[in-house]
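Below, chain A is the first sequence line, B the second, and so on; all start at residue 1.
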Amino acid sequence: MAETTYIDAIRRALGEEMDRDASVFLMGQDIAAFGGPFRASRGLFEKHGRLRVINTPLMESGAVGAALGAALVGKRPVLEMQFADFVSCGFNQIVNNVAKTYYRWETPVPMVIRLPFGGGSGAGPFHSQSPEAWFAHTPGLCVVAPSTPRDALGMLKAAIRDPNPVIFLEHRFLYRREKEELPAGDLLTPLGRANIVREGTDVTILSWSWTLHESLAAAAELAREGVSVEVIDLRTLTPLDEDTIFTSVRKTSKVLIVHEATVTAGFGAELAARIADQCFEWLDGPVRRVAYADRPSPYNKKLEQSLLPGRERITAALRKLARY
Amino acid sequence: MAETTYIDAIRRALGEEMDRDASVFLMGQDIAAFGGPFRASRGLFEKHGRLRVINTPLMESGAVGAALGAALVGKRPVLEMQFADFVSCGFNQIVNNVAKTYYRWETPVPMVIRLPFGGGSGAGPFHSQSPEAWFAHTPGLCVVAPSTPRDALGMLKAAIRDPNPVIFLEHRFLYRREKEELPAGDLLTPLGRANIVREGTDVTILSWSWTLHESLAAAAELAREGVSVEVIDLRTLTPLDEDTIFTSVRKTSKVLIVHEATVTAGFGAELAARIADQCFEWLDGPVRRVAYADRPSPYNKKLEQSLLPGRERITAALRKLARY
Amino acid sequence: MVVSTHSKPPPPPTAVLADTDPRVLRRAHFFMRLSRAWDSRFEAMARVGRIGRWYSAVGNECTTVGTALALGANDSLSTVHRDLGAVLTTYLDPTRLAPALFEDGDQTAWDVLRPPPQALLDTLANQVFGRRGGFTRGVDRSFHYGLIKPEWGIRHVGMISHLGAMIPVAAGLALANVQDGTDRAVLGFIGEGATSQGDFHEALNLAGVMKLPLILVVENNRYAFSTPLSEQYACEKLSDRAPGYGIAGETVDGLDFDAVHAAMNRAIERARTGYGATLLECMLPRMRGHAEGDGSYEMIPAAEREEYLKQDPLVRFEASLLARGHADQQRVERVTATARDIIEDAVERALLTEEPSLAEATRPVFAPGEVATAFARQSTEVTGG
Amino acid sequence: MVVSTHSKPPPPPTAVLADTDPRVLRRAHFFMRLSRAWDSRFEAMARVGRIGRWYSAVGNECTTVGTALALGANDSLSTVHRDLGAVLTTYLDPTRLAPALFEDGDQTAWDVLRPPPQALLDTLANQVFGRRGGFTRGVDRSFHYGLIKPEWGIRHVGMISHLGAMIPVAAGLALANVQDGTDRAVLGFIGEGATSQGDFHEALNLAGVMKLPLILVVENNRYAFSTPLSEQYACEKLSDRAPGYGIAGETVDGLDFDAVHAAMNRAIERARTGYGATLLECMLPRMRGHAEGDGSYEMIPAAEREEYLKQDPLVRFEASLLARGHADQQRVERVTATARDIIEDAVERALLTEEPSLAEATRPVFAPGEVATAFARQSTEVTGG
Ligand SMILES: Cc1ncc(C[n+]2csc(CCOP(=O)(O)OP(=O)(O)O)c2C)c(N)n1
Ligand SMILES: Cc1ncc(C[n+]2csc(CCOP(=O)(O)OP(=O)(O)O)c2C)c(N)n1
Ligand SMILES: [Mg+2]
Ligand SMILES: [Mg+2]
């Protein structure tokens, strides 16, 4: 069986859901005949036409608002931000309009906003950001960040079917680098469920998306040094799967949180806070974070690499924590 | 000597800095002859004219961008958002343009964005929000939230003089409720310095703005019960005064974080994370938070009150923590 | 009126209705009076501090009612803070609400679809007070709710406070209509102040490009809070922005019912027949301040204020009814009294209803499903709450 | 051209310069060739993968140079991704950079202010490569920097990637000029795609209301990434948006140097004399894709592509120089060769320079002071970094 890349899994999810449900449609800049800069929608315009694969003008706020309008009357828009960094231009629509509608009106807002995010490719301060914490802090949004083609497929399908707004973070660095064999059929990954990717007994790593892979590499390194690391892929950030996280932390008694977003008030802080509250009695060491320094992402690749929370920094932090 | 309210302290700071430095100017909606909905600029238009007290059209993004342009060539704009909730409409300009300029260009951006924020007055989901965490997560912004007229005056003056963008959070509920006698003269409060408002030995409370006052009330209550609570007013959230915080937590060994913003990924999470990392060995109890439930702010006053992290909830949390 | 020739469509329908149908005028009169009666009651309560804030729609009635009356079942409505007239017009079957005022043939097919008017009016009154019986059961206020009931022919989207933000949403409602292949249109309202927001631009540009069946009515009452239009925009007419979006634009006297209604009918016709969007600016008198008692009214020069008070659209409308023989003085008084009684009753009943249940505060932020279930499982639901 | 009569100003200056000053044409020719030589060099490197991305300005030279040449010392410039021509024109004293090409009287008072051109050009080349010697020393790329040097007469604000976001910033530069009581103007550029952003609207509306000395040039190259203008906007001309802001608007052929320069001079004159802002749309051929090699070029129908390639502004400009007798074939070739050599040299030198110091990655996010000091004290500077 051929391997499916992360981006192909995204395309498969879009295609399958559009086939399954006529109310699903795509919106975004350059997504129609061009298929988007990452070609996530390649072929779908030809198949479904201009009313279901809609090229918008160069706007974000208006596009989010229009998607909300359509969702209110029964459509299921899937909106692509060309890069996650541009979502800040549609911020108000997301945090004040989309996120608050169900609580206020009890009208469901089935809507997915796809955010190709993250660094590692030398794309500079405006094409490398990880904006999940802003949305995790906004009640009413489900924030997800799958790390594998399998979960990209299963979670995008689940997100499209869910009656709530989902912020869907796809790491650009994984698009063509991650591949795996995927069976046919209607594959779904439940939202709100973390995944224990590697079992271990000495330290728990909590991570998601690109840094999950770096964390796995670091865990493998530590295994060679005799330290058993449990690695959890959060997959969904809000709402958080506390059961899985707390059970693991209570077992290993040590936790390292790894994410690519800048450290201060990143989502790692929330994980640390819940653990410091709910797992206090089980902790045998400080709750540590490996994350991006509080800086914009520099353009030069070497500069960028020096800030990215990659396997070396994770390994070093793990070693320290294991010895603690 | 007459007492100065919080809002009068704001107006005094604006007036003094405009007198002192001709490059300081004000922008905002309805701030000129009308003086703004809270009358923060009353009288300043008459004194300084239409080029230094500028009524803008009904826009936020364009206003932030224009302020940035003026700041780049040596002006010191002070921009009033009519309500903090509307800052989301200027979000991109703040997080991508204003915040990143100095790191990228090494050109200072002296600029203050005043945000009248917070709930407690039954103003509903769009006039009650506490947006500090979004900005605390954005490298390049200084985020401050004074709780007293004295600090409102001193920090606004310091913010206007600082060569960096400052997000200045003023709690609407305090505007006319907090008053104190203020001496004449050039009063400045340093940015980046927390304030130990009440000394204690058993538990540390970390808070700011309106909840600081509620925390003090709760601390007084606990004192009657024989529990000694230290209360720290953060005043500046980023950059954080860790010395003051860590020293206190290491002394009391217990910490309660109190803020009005919704709990998940609020700035309290960052405090908890730093403490769980840097004060782990000193902690004698879980790091607890009292904050707003992850909900929009309901309109009805009783509903709103039931969610606000007021003195009763703080007192209850303190009692539990003290007994821990 | 200007229409884009960018994509070279045939000229849009421009036929002006010669004279408005008397049945429409009867409805209009009733709804304008109903809207005014509501405002009078709430302004009085605001004056004595019985309610916190009130945004008066006095002066807007001819525009809100004159445009909304052109809608049909399952057209959509998007309102902001001075559009009570459009809400009442869209929700209520007047022939059941005030049968004595209407003739047998006055009931429309849509009226029959609509639910009993009294119940809907009561819900609206409860909504405005933030009571248990309102659409949002106390969670949000006044016109901050949506009522999407295709089975009633009603698709109404209320506002968030962030002005301008609902214009793209209205465009999205129109987009859904295009996707569904219906001829249904969308009527949206916005103040002249909010036209300065970027969302106004992004939405109208989208409407132009996609030829969306959207009619955006600008209620130009010459002030935004304290800001006069000279500090808000520098064009001659806001409809001058229409050519920049390749959509139709008109500016009409918002006190002239026939002009408003005819312009709206032209716009609806364009929307239904694929000619796309219209920007319809209605010039209104600023008869009240921004919100009652907030000091903004005093910012308007006294002479100007007096001028505006003289331009009361109801006075003009009733004079024209009488002049054209569509009503006599007695009917005018009867409509006024009936409207007042209906509103008084609804308000009194609403004032007697219960406060919302405290449980509403923590009601779900997510619609039922996987996400909602996961949300409820979290510890922050307990400790942070 | 349309000018607002909203605030009833006297008619704005409209005198068209009869024929462009030959000294201006000499400069223009040199800078257009310099810009083109830069693009040729970088396109070649992009083709062989020596650089990651390149946004070509081929086709834009006549517009960028023709407008920027109308600026004077301490006017401001705000550029986006295809405005190399304007940057070169604003930074460099051509009489020192290529003395052989210019006559004695060609140096201007502003030229004298400017620093040695070779050094500035080298910094620019380093900037584009993200090297240590660039304006941002590797921290940001290409035109994402600002150079505000009043002592050189240069006030240049580069871009962030978020298109449209710099238009309000340009308006703010103009506002500062008004506050300072100078007659200095601001020239900003934007692609036609980015005109769909809300910031375009908010900034131009502000410029209209405050009569800001802002000239916004729309480089309409008919495509935004893959999106043709029929999916971007529905007006006939983007300058049709000017009346909606009460500012002047013109659409000119961006290949006609005299037309561009004259329109810009009219706009500058309006800006300097208090008549406010201008929206100047220049129609350009899409001679290249969005970025080199990203597949967007292939989205343009082949016949259309060929049409655009034939419209090369340099070909046309040089033909007109020859026809009008302002240059002979030999001079044209000499300018072309000199420009190429200057750029080759600068690029070669830049390629030999060092990568940035790793310390740049963690350089301060705050300008020196209380806040910067407090920031450096935090533990996250160590553990999170
Ligand atoms: C995005 C945003 N910014 C600011 C405000 C504050 N505000 C509320 S109403 C108002 C004036 C509205 O004026 P206009 O649109 O003309 O409507 P009117 O009240 O005159 O009917 C302002 C500035 C807001 N609601 N939303
Ligand atoms: C706010 C924002 N949204 C999306 C993008 C992605 N993007 C980069 S360039 C581009 C097209 C720009 O087109 P145009 O403004 O016409 O300029 P051109 O490239 O044609 O010169 C797009 C959509 C962006 N940079 N900024
Ligand atoms: Mg108004
Ligand atoms: Mg373009």
If you define the side chain from C-beta out and look only at heavy atoms, does anything of [X] sit under 4.5 Å from [Y]?
X	Y	answer
C:Val139	B:Asn300	no
C:Arg141	B:His127	yes
C:Thr227	B:Pro57	no
B:Leu58	C:Phe225	no
C:Ser161	B:Phe86	yes
B:Pro296	C:Val365	yes

Once rounded to the nearest 0.5 Å, what's the spacing between atom [atom1] of [X] and atom [atom2] of [Y]?
X	Y	atom1	atom2	answer
C:Glu355	B:Lys302	CD	NZ	4.0 Å
B:Leu303	C:Glu360	CG	CD	7.0 Å
B:Met59	C:Asp199	CE	CG	14.5 Å
B:Tyr299	C:Tyr145	OH	OH	14.0 Å

Name the member of [options] that forms the most heavy-atom pairs with chain B at distances under 4.5 Å.
options	result
C:Ser296, C:Pro356, C:Ala224	C:Pro356
C:Pro364, C:Gly295, C:Gly191	C:Gly295
C:Gly138, C:Gly130, C:Gly164	C:Gly138

Open item on the list: Show the nearest heavy-atom pair for residues B:Phe126 and C:Asp140, with the distance to one decimal.
Closed with: CE1-OD2, 3.7 Å

- [ ] Could you tell me whether the side chain of C:His162 and the main chain of B:Ser88 form a donor-acceptor pair under 3.5 Å?
- [x] no

Open item on the list: Determine whether a donor-acceptor pair (N or O, by modelled atom type, separation under 3.5 Å) exists between the side chain of B:Arg295 and the backbone of C:Thr362.
Closed with: yes

- [ ] Would you please go through residues 29-39 of chain B and name the residues with a non-hydrogen atom below 4.5 Å from one of chain C, in numerical order?
- [x] B:Asp30, B:Ala33, B:Phe34, B:Pro37, B:Arg39

Taking side chain as everything from C-beta outward and backbone as N, CA, C, O, which of these in [X] sits under 4.5 Å from a heavy atom of chain C? Side chain, backbone, both or neither.
X	answer
B:Ala317	neither
B:Thr264	side chain
B:Ser297	backbone
B:Glu60	both

Tell me, side chain or backbone of [X] under 4.5 Å from chain B's heavy atoms, or both, or neither?
X	value
C:Asp294	backbone
C:Arg363	backbone
C:His144	side chain
C:Thr195	neither

Task: Set of residues satisfying side chain to side chain contact (heavy atoms under 4.5 Å, CB included) with respect to B:Ala66, sequence neighbours excluded - done: B:Met27, D:Leu206

Open item on the list: Does C:Arg377, at its CZ atom, have more than 12 non-hydrogen atoms belonging to other residues, nucleotides or ligands within less than 6.0 Å?
Closed with: yes

